[in-house]
Number of protein chains: 2
Amino acid sequence: MPTNKQIHLDNRPAGEASASNFKLVTAETPALQDGQVLVRHHFMSLDPYMRGRMNDSKSYAAPQPLGQVMQGGTVGEVVESKSDKYKVGDKVVGFGGWQEYSVVNADQVGALRKVDTTHVPLSHYLGAVGMPGVTAWYGLVKIIQPKAGQTVVVSAASGAVGSAFGALAKARDLRVVGIAGGEDKCKYVTDDLGFDACIDYKAHRDVGALSKALKAACLDGISGYFENVGGVVMDAVMTRMNAFGRIALCGMIAGYDGKPVPMSFPQLLLTNRMTLEGFIVSEHMEVWPEALTELGMLVGTGKLRPRESVAQGIEAAPEAFLGLLKGRNFGKQLVKLI
Amino acid sequence: MPTNKQIHLDNRPAGEASASNFKLVTAETPALQDGQVLVRHHFMSLDPYMRGRMNDSKSYAAPQPLGQVMQGGTVGEVVESKSDKYKVGDKVVGFGGWQEYSVVNADQVGALRKVDTTHVPLSHYLGAVGMPGVTAWYGLVKIIQPKAGQTVVVSAASGAVGSAFGALAKARDLRVVGIAGGEDKCKYVTDDLGFDACIDYKAHRDVGALSKALKAACLDGISGYFENVGGVVMDAVMTRMNAFGRIALCGMIAGYDGKPVPMSFPQLLLTNRMTLEGFIVSEHMEVWPEALTELGMLVGTGKLRPRESVAQGIEAAPEAFLGLLKGRNFGKQLVKLI
């Protein structure tokens, strides 16, 4: 059996996460039992939600256990099979974690899903045609529930969720405005992703400046907002929301590290009779087939061209993850293992 | 025609509202035109929402105009009629404002409603069986949507909205916990209003202490919250909300005076997948008949015994209103004019 390099969570961050929270471990892959398959991971996914799980606090998921492989999504290839359901060579998406190989019980519902790479590159099943894409779909379709012609806004627009959100919004005849950090990202959001406008939050450092920029980009106000970051960006968008505006709250990356970031103007939720809903896409499995079908079509037809930031080799995972939390990635953050 | 004492909004508050924002004016009541009635107000209603309208800022309603009668709900008696729809002696509820008399076009839809005072005292049509009661009903029934056995919490529990919320919650077999300021109010909330528990926020001055008190009173956590105040109280309740908890946001009294009060832990909306909805009951007229029927029944059968703070004479209105904003009232704040 091959050796298997893994990244474990060694200790929990006090405040900001750092590389010293992680530990590289080399393990043997165990011999397969009947019904099991061995998957060699081609890519593993790094996602902001993982930061929340590094804390030992009440949240939607149990905390990431200490001394165990960091959990997370993976795509790869079946390299050995003792199951009728999968054969060697099958491309699969799963939840293999931060390691080079995983042993999976093929009978466990939802543990593996075979994917077709004819029109969609394998890595995109961790992004646009995977969890981040379905996240964007759920927030837009089920929470924001927009009407054609309305203006919707998404933060972290150049990322995996944001880019999918943009394509889904354009497919529904919405005006979609992104918020991203830096000129390069903003140019990508408008030129490659087809957003109607994109605001560089690094060029508008406070709520007032950002709010003014949003006003100029959203002449009819904002009907729906997909929130990935929280903090100043959320405050500014809230100042431009229309009456009965709807906010899908998916991420609070600004608050993951240590102390919570307050919401500055909660009274706007009242005066504008807004609805705000926090959600976790894994609790809405019923929408995945419909969402993945649409997302696969958008990627297959070139209407959604997601960008990826790819770190090389498992040893690079901790630094790539910390960079993601700082917004240093440009598009979906992956680690390539093969 | 009788003279008519009125309170006008003379100037807008800079920061905290004060008596100098208002001006007492004596006017003549004009002669009636065909289709009009003259109503003598017995009681006028003072409500926290009026503070928001004193500002010249974007909100759900146009600001209260300067130099005009303060707008607000009234109950009274028709004393002169040039309309077939009302006769002298009819008891009516309307929106007559801070004055002793109002001239009303009887044909205007929604301007006046005849009420029956056999089982419900006239003043209650400004409280439990009026706008505050329907507000409680909408937040509980339409936004919180509770299931029997769940725990719901309301702030400003001894007030007009809070007391109605308690009775409506008990009628649905919920555990209902109030938050109020001071021992007397808390005793009234549990002993007279039938709440299961009441927490004195004045005895728990910070979020930590209030959160601990809520934990003890809500052993199964909090499924629904009706928010009347905002600020520290809202922060503390949010720390005890269950997954998929629902918040009806009706008032932010803590933020009406001058600077907005932030929400300290917005990330809880995400980690607990909460839904928060701001609303204004006047935008949901379709529920009023159903809500008023239930509320009238609860009052008529003694299951809801709302308390009133009654100021005497129109001259007392500004100070009574300012006291309401400080929580000095005990129950529904009214001004008795006759």
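Here is the naming used below: chain letters follow the sequence lines, and residue numbers restart at 1 for every chain.
- To the nearest 0.5 Å, atom CZ of residue A:R246 and atom CD of residue B:E277 are 7.0 Å apart.
- Atom-to-atom distance recorded for A:M252:CE and B:L269:CG is 7.0 Å, nearest 0.5 angstrom.
- Closest of all the heavy-atom pairs between B:E283 and A:F244 is OE1-CZ, 3.2 Å.
- By the 4.5 Å heavy-atom criterion applied to side chains, A:I280 and B:L270 are counted as neighbours.
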